Amino acid sequence: MRQSQGQILRHSMRPMTTAHLAQTMTLLELSSVELEQKIDAELASNPALELQEVAHCPQCHRRLPLSKMCPVCSRPTNSLSEQPIIFVSPRTDFTSYDYRGATSSSGGELPGEEWAAETEDLPTYILRQIAPELKKDDRLLAAHILTSLDDDGLLTIPLSEIALYHRVRMARLENILSLIQHADPPGVGSPTPQQALLVQLEILEETCDVPPLAAAAILKGMELLSRHAYMELGKQLKISAIEAQDLARWISENLNPYPARAHWGSVRHSTHAEPNYPSADVVISRLTGELSSPLVVEIISPYAGSLRVNPLFRQHISEAPDGTAEKWQNDLDSAVLLVKCLQQRDHTLVRLMQQLVVIQRQYILKGDAFLLPVTRASLAETLEVHESTISRAVSSKSVLLPNGRIIPMSRMFDRSLHVRTALRQIVATERRPLSDTQIARLLGEQGYDVARRTVAKYRNMEGILPARLRAASMRA
DNA sequence: CTATGGCACGGATT
DNA sequence: AATCCGTGCCATAG
């Protein structure tokens, strides 16, 4: 049943132009947020495209064109109007079926939804803090800066660009930026994570003791820091690897390279930049609390099922005003193309997730240690698509797990995470420091066949020092 | 002699 | 076709 449906779908999509292929590819790579932007742009510029009037406002139950706000009661209609693509994966077997989420009653409400009336956005929040210290003219400049922040609270455009635009001197802007950086999410507005850290450090210095070398570490060893390369870092700063590790720990515990994100992986914070609800492309949740619960998979696809070619436009194409006939035809063609490609994208994504959720069920429910090593290639084979298709579909997408963590989808294909988890476990419980060779043997006993050399690599990735140095730090 | 890091090769990924 | 990642081999440090 389900099978034949897939066949028909695939068959009907066979006749593809090269343009079609190219566009499908590019769409596949986009995350839901990026896709939404693209479609918005397309909608604005192409009169042949339209949104079907299918949305329901949860409050007044009015039928609306798809939009973010209900114009009548001004309540967000997002999640309901989007016709999320949902399917359920029952406990173990491979017979997951899907249905396109009907927009009836309150079907797909997500747990923990917080559409609290006032979600003040980040720029406003900061502007309010610093406004008293600004002259009137400077407020405009500050606003310009603040609206150029990304979701992480980092400045996306060079200050000089703003200076040019408003014809003001850099020094003036730098002053304003400095004010912003010292406002509440500390370091916000910095052009790079590195600068954000430095600003935070500066702020902390006023109230408490900071390690003397922290600034130097950030300045010189940013890259080493993020790679947990403590030994190299130590060399750079002329301190031991152990001291370097302590320093790094202090930095990661007390500073945050992305000012607007509260904590990595944890639930979203109230002072969030954009009102984009779970900023994931796929949301997986449990139907019930039990471990054997079926999984509900929701693929966020902006305007899925609602975007279509305007039938009126198609109908009146022959009546195009003189000289614009070609343009109209062009618009029509690209609209048709976009809609088709969108369907194709969704279809691919659904099939991908259907497989993935079954294969990685244990990981999704129980955590890192249960991640199975799956290759994109193997999945491509079972889905009968080119491996690069999987690659594109997976890249730059994120998944919200039932436990509330957001992970990049590529983690589902991490070949080493489960081994690394086991390794961490071993080192955490060791009585005295084990050498890489010993660890490799222990891992082998647990069924993880890895080379000694690889243990060394994983150890580094996890930021664990070599046995010799672990011995030293235990003594201390 | 043992424990590790560096470099290079082959398969997987992009 | 370019790049990344797990490994094997070898040099070096203890």
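Here the structure is a predicted model, which means the values were calculated and not measured.
Side chains of A:Ser395 and A:Glu29: a donor-acceptor N/O pair is absent below 3.5 angstrom, by distance only. A side-chain N or O of A:Asp333 and one of A:Gln329 form a donor-acceptor pair less than 3.5 Å apart.
Within the structure, every side-chain polar atom (N or O) of A:Tyr458 is placed at least 4.0 Å from both OP1 and OP2 of C:dC5.
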Summarise protein proximity over nucleotides 7-14 of chain B in one line of letters, 5' to 3': B for base, S for sugar-phosphate only, - for none, counting protein heavy atoms closer than 4.0 Å. B----SBB

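Considering only residues two or more places apart in sequence or on other chains, A:Ser160 meets the side-chain contact (heavy atoms from CB on, under 4.5 Å) condition with A:Pro158, A:Met170.
Look at CG on A:Leu417: it is 14 Å from P on C:dC5, rounded to the nearest Å. The CZ atom of A:Arg420 sits 11 Å away from the C1' atom of C:dC5 (whole-angstrom rounding). With rounding to whole Å, A:Asn460 atom CG is found 12 Å from B:dG6 atom C1'.
Test A:Val350, A:Leu35, A:Ile299 against A:Arg345 for side-chain contact (heavy atoms from CB on, under 4.5 Å) and you get one pass: A:Leu35. Each of A:Thr382, A:Val374, A:Ile364 was checked for a side-chain contact (heavy atoms from CB on, under 4.5 Å) with A:Ile359, and the lone residue meeting it is A:Val374.
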Report, one pair per line, the protein and nucleotides 1-4 of chain B atoms (nitrogen or oxygen only) whose separation is under 3.5 Å.
from: B:dT4; atom 1: OP1; to: A:Ala467; atom 2: N; distance (Å): 2.9
from: B:dT4; atom 1: OP2; to: A:Asp436; atom 2: N; distance (Å): 2.8

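Between the CG atom of A:Leu372 and the CD atom of A:Gln362 there is a distance of 8.0 Å, given to the nearest 0.5 Å. Atom-to-atom distance recorded for A:Leu30:CG and A:Asp281:CG is 10.0 Å, nearest 0.5 angstrom. For the atom pair CZ (A:Arg432) and CG (A:Leu434), the distance works out to 6.5 Å, reported to the nearest 0.5 Å.
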